[in-house]
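Take a look at the structure set out below.
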Amino acid sequence: MGQRFSRISGWGRYAPAQILTNDDIAEIVDTSDEWITSRTGIRERRIAEPHETTLTMAQTASERALAVAGIPADNLDLIIVATSSPDYLLPPVSSMLQHALGASRAAAFELRAGCTGFLYGLSTAHQFLATGTYRRALVVGVELISRAVDWQDRNTCVLFGDGAGAVVLEATERPTGVLGFVLGSDGAGAEALIVPGGGSRQPLSSTVLAERGQFIHMDGQAVFKFAVRTMGRALLEAVECSGLQLDDIDLFVPHQANQRILELAARQCGIPWEKMYVNIARYGNTSAASIPIALSEAVEEGRLQEGNHIAMVSFGAGLTWGALALRWGEGPATTEEVFGRQPLHLPQRVLRSARTSVQKVRIQTTSRLSPLLLPLYAMSRRVRKEEKTGE
Ligand code: COA
């Protein structure tokens with residue numbers, strides 16, 4: 001068997017119809033459209049209606065992805081569902097999805113890695129395909145997070161939204177699709193983003209409910225700093241282990257948690273803003289669903305063409321992080337074409353590796369300086385805003 005690759009052949013998303021704007025939230029907790037927009041970039045989010053569940057959202061996104069791929073569900077060998085808001089602790093929503101889709105031959109499991117879950121899922125599915133174990137996998141990121149959010153806590157309830165995204169990954173002999181990835185975890189930060197109650201450590205009880213322990217608790221600043229520390233580094237590592245340079249990437253599809261985090265990451269890596277796909281204003285943070293939702297919108301908007309290179313990057317509860325680079329499309333016949341260039345001559349190689357080293361130093365330095373940079377950045381934004389509004 002020759003070398004195997006895995007490519008995305010189908011994509012789909014689902015977002016509940018119900019829109020909750022910042023002004024709507026300002027009627028529930030002490031906040032304002034101005035605060036939420038300037039601190040996060042979020043203007044509105046989608047909220048599931050009572051009859052909707054994690055399963056129904058995942059099913060709709062999956063059926064759309066299967067339709068694009070043009071394969072029936074019973075051709076799937078594997079289903080991975082990344083979520084932190086499953087319908088039940090048991091059974092896993094992945095098996096319920098497998099049944100609902102009629103994917104009778106598929107193995108199915110649920111994967112929990114916070115907002116990084118989709119990239120963990122995509123990397124895992126890629127392994128099964130690259131080794132020749134399976135030929136077709138469905139990877140889903142889905143969150144019905146509005147039911148895990150404390151609607152009395154303005155620190156968290158303004159951030160999150162519901163949604164689902166799915167991709168079909170198919171094995172191919174052509175050199176395309178997933179080129180490389182990095183995954184990471186730092187459990188030292190576990191308590192920065194936590195639902196303390198409802199698990200085996202603190203089963204649901206009247207005390208847990210009284211302390212609102214069934215909801216998400218977050219140290220926003222700690223998560224913000226972690227994101228700034230890890231995103232740029234993970235991106236560069238994933239791109240480098242794919243045999244590419246950041247300049248080779250046509251579109252960056254980052255986890256949509258906070259527009260300020262994305263602006264900092266772009267600045268840190270020297271990525272032009274036009275290359276970042278950002279839709280946070282319309283969805284908020286949909287956790288494990290945010291990257292597949294963004295990817296499917298980017299394709300529909302014509303932002304991806306055969307041969308383009310994409311890099312995705314995420315961070316989230318755990319704390320976890322991940323980044324993955326891939327080549328879009330069916331793929332060329334030969335390996336040389338996959339990187340869109342001939343083998344480099346020595347002077348070019350020296351130049352490229354020098355550029356990578358400079359990028360690395362820049363990212364390492366700004367990561368180390370991030371505790372200093374963040375307050376400066378916040379201050380400069382405030383000053384700019386005050387200048388604009390003439391206050
Ligand atoms: N509306 C109005 N004021 C709010 C508010 C809200 N929704 N939420 C917090 N505040 C207040 C705080 O109480 C605080 O007031 P104080 O100065 O009187 O104490 C002030 O705003 C500043 O709070 P702070 O936490 O410093 O704001 P911030 O600039 O760090 O922004 C987050 C808060 C949550 C937007 C930001 O930290 C963040 O995005 N962190 C990352 C979170 C994340 O991505 N989580 C998911 C990971 S996958």
Side-chain angles (χ1 to χ4, degrees), residues 20-45 82-85 112-120 141 143 145-146 148-163 184-186 189-195 215-231 234 254-265 278 280-281 283-291 293-294 312-323 370-371 373-385:
L20 191 72
T21 64
N22 292 346
D23 285 335
D24 295 332
I25 295 190
E27 289 179 13
I28 307 171
V29 290
D30 180 16
T31 190
S32 65
D33 177 42
E34 197 282 327
W35 192 96
I36 303 170
T37 309
S38 64
R39 299 290 177 119
T40 70
I42 300 167
R43 292 184 180 279
E44 60 187 38
R45 69 287 292 143
T83 185
S84 297
S85 48
R112 222 182 295 177
C115 302
T116 321
F118 178 76
L119 292 186
Y120 266 80
E143 300 290 1
I145 208 158
S146 62
V149 160
D150 185 346
W151 289 99
Q152 294 180 12
D153 176 12
R154 67 177 184 175
N155 288 304
T156 51
C157 74
V158 301
L159 300 177
F160 297 100
D162 299 331
S185 166
D186 180 5
E191 295 199 354
L193 193 46
I194 187 169
V195 178
F215 297 123
I216 295 173
H217 293 241
M218 185 183 74
D219 178 346
Q221 294 220 351
V223 178
F224 197 109
K225 285 175 191 162
F226 169 78
V228 175
R229 247 189 351 260
T230 52
M231 271 181 107
H255 169 46
Q256 315 279 316
N258 182 323
Q259 180 149 336
R260 281 192 299 153
I261 293 176
L262 301 185
E263 287 169 1
L264 275 173
V278 182
I280 191 170
Y283 294 108
N285 179 348
T286 56
S287 188
S290 90
I291 289 184
I293 289 176
M312 307 172 188
V313 61
S314 191
F315 64 92
L319 296 169
T320 54
W321 69 89
S370 62
L373 280 177
L374 293 172
L376 278 179
Y377 179 72
M379 203 167 72
S380 74
R381 273 182 64 87
R382 234 166 274 146
V383 170
R384 260 190 296 151
K385 223 167 51 200

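All figures in this text were calculated on a predicted structure; none of them were measured in a lab. Order of listing sets the numbers, starting from 1, for every ligand and every atom in it.
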Task: Donor-acceptor pair, side chain of Arg45 and main chain of Leu20, under 3.5 angstrom - done: yes
Task: Beyond-backbone contact of Cys157 with Ile25, side-chain heavy atoms, under 4.5 angstrom - done: yes
Open item on the list: List ligand 1 atoms under 4.0 Å from His255, heavy atoms only on the residue side.
Closed with: 48 (S)
- [ ] State the atoms of ligand 1, each with its element, that fall below the 4.0 Å cut-off from a heavy-atom position in Arg260.
- [x] 28 (P), 29 (O), 31 (O)
- [ ] Keeping the roles fixed (side chain from Thr320, backbone from Ala317), state whether a donor-acceptor pair exists under 3.5 Å.
- [x] yes
Open item on the list: Could you tell me, atom by atom, which parts of ligand 1 come under 4.0 Å of a heavy atom of Thr31?
Closed with: 1 (N), 2 (C), 6 (C), 7 (N)
Task: Element-labelled atoms of ligand 1 that are located less than 4.0 Å from some non-hydrogen atom of Arg39 - done: 22 (C), 27 (O), 28 (P), 29 (O)
Open item on the list: Taking distance alone, with N or O pairs closer than 3.5 Å, would you say Arg154 contacts ligand 1?
Closed with: yes
Task: Per-atom contacts, ligand 1 versus Ala257 - under 4.0 Å to a heavy atom - done: 44 (O)
- [ ] Please answer whether the main-chain N or O of Ala26 pairs with a side-chain N or O of Arg154 as donor and acceptor at a distance below 3.5 Å.
- [x] no
- [ ] Record the part of Ile36 in heavy-atom contact with ligand 1 below 4.0 Å; permitted values are side chain, backbone, both and neither.
- [x] neither
- [ ] Identify, by atom number and element, the atoms of ligand 1 in contact range of Thr40, meaning under 4.0 Å from any of its heavy atoms.
- [x] 35 (C)
Task: Sub-4.0 Å atoms of ligand 1 with respect to non-hydrogen atoms of Cys115 - done: 48 (S)
Task: Sub-4.0 Å atoms of ligand 1 with respect to non-hydrogen atoms of Asn285 - done: 46 (C), 48 (S)
Open item on the list: Below a 4.0 angstrom heavy-atom separation, can you tell me which part of Leu193, side chain or backbone, both or neither, approaches ligand 1?
Closed with: side chain
TODO: Could you tell me which residues satisfy side-chain hydrogen bond (donor to acceptor under 3.5 Å, both in side chains) with Ser146, sequence neighbours excluded, listed by chain and number?
DONE: Asp162
Open item on the list: Quiz question: by atom type and distance under 3.5 Å, do the side chains of Glu143 and Thr286 form a donor-acceptor pair?
Closed with: no
Open item on the list: Arg112: which residues meet the salt bridge (charged side-chain N to carboxylate O under 4.0 Å, His left out) condition with it, sequence neighbours left out?
Closed with: none
Task: Main-chain N/O of Gln256 paired with Ser290 side-chain donor or acceptor, under 3.5 Å - done: yes
Open item on the list: Heavy-atom pairs closer than 4.0 Å: do any link ligand 1 to the side chain of Asn258, the backbone, both, or neither?
Closed with: side chain
